[in-house]
Amino acid sequence: MEKVLYTVKEVSQILHTNPSYVYQLINTGLLPVLKLGSYKVRHEALMKFLSEYEGYDLSDPKNVEKITATA
């Protein structure tokens, strides 16, 4: 059975990043969460986030830009 909710740490492991970056995504509103004692991310919300922002540079969550191909 697939997990329904992920912790911030689990999301950071899935995204191969660190928890502070996940908190940046949450604080800028890019990644929706539930607060159940601590932040939890629904599986569906994470999949939607990945789908919606594919092809975007999320290095700075406050300045999201579409990736453009360079020669």
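All residue numbers in this chain count up from 1 along the given sequence.
At a threshold of 4.5 Å between non-hydrogen side-chain atoms, the residues Val22 and Tyr6 do not count as touching. In this structure, the side chains of Val33 and Lys40 stay at 4.5 Å or more apart for every pair of heavy atoms. Using a 4.5 Å heavy-atom threshold, the side chains of Leu15 and Leu25 count as touching.
To the nearest 0.5 angstrom, Gln24 atom CD is 8.0 Å from Asn18 atom CG. With rounding to the nearest 0.5 Å, the separation of CD in Glu54 from NZ in Lys66 is 9.0 Å. Considering NZ of Lys3 and CG of Leu46, their distance stands at 11.5 Å, rounded to 0.5 Å. For the atom pair CG of Leu31 and CZ of Arg42, the computed distance is 11.0 Å after rounding to the nearest 0.5 Å. How far OG1 of Thr28 is from CG of Asn63: 11.0 Å, rounded to the nearest 0.5 Å.
Linking ILVMFWY side-chain heavy atoms closer than 4.5 Å, directly or via other members, places Tyr39 and Leu50 in a single hydrophobic cluster. One hydrophobic cluster, built from ILVMFWY side chains closer than 4.5 Å, holds both Ile26 and Leu30.
Taking both residues in full, the closest heavy atoms of Ser12 and Pro19 are given as CB-N, 3.6 Å, listed atom of the first, atom of the second, then distance. Closest of all the heavy-atom pairs between Tyr21 and Ser59 is CE1-O, 4.1 Å.
Here the side chain of Ser51 pairs no donor or acceptor atom with the backbone of Met47 at under 3.5 angstrom.
Within a 6.0 Å sphere centred on CZ of Phe49, heavy atoms belonging to other residues, nucleotides or ligands number more than 12. In Lys62, the NZ atom is not crowded: 12 or fewer heavy atoms of neighbouring residues, nucleotides or ligands sit closer than 6.0 Å.
Classification of the Tyr56-Tyr53 ring pair by plane angle, with boundaries at 30° and 60°, yields perpendicular.
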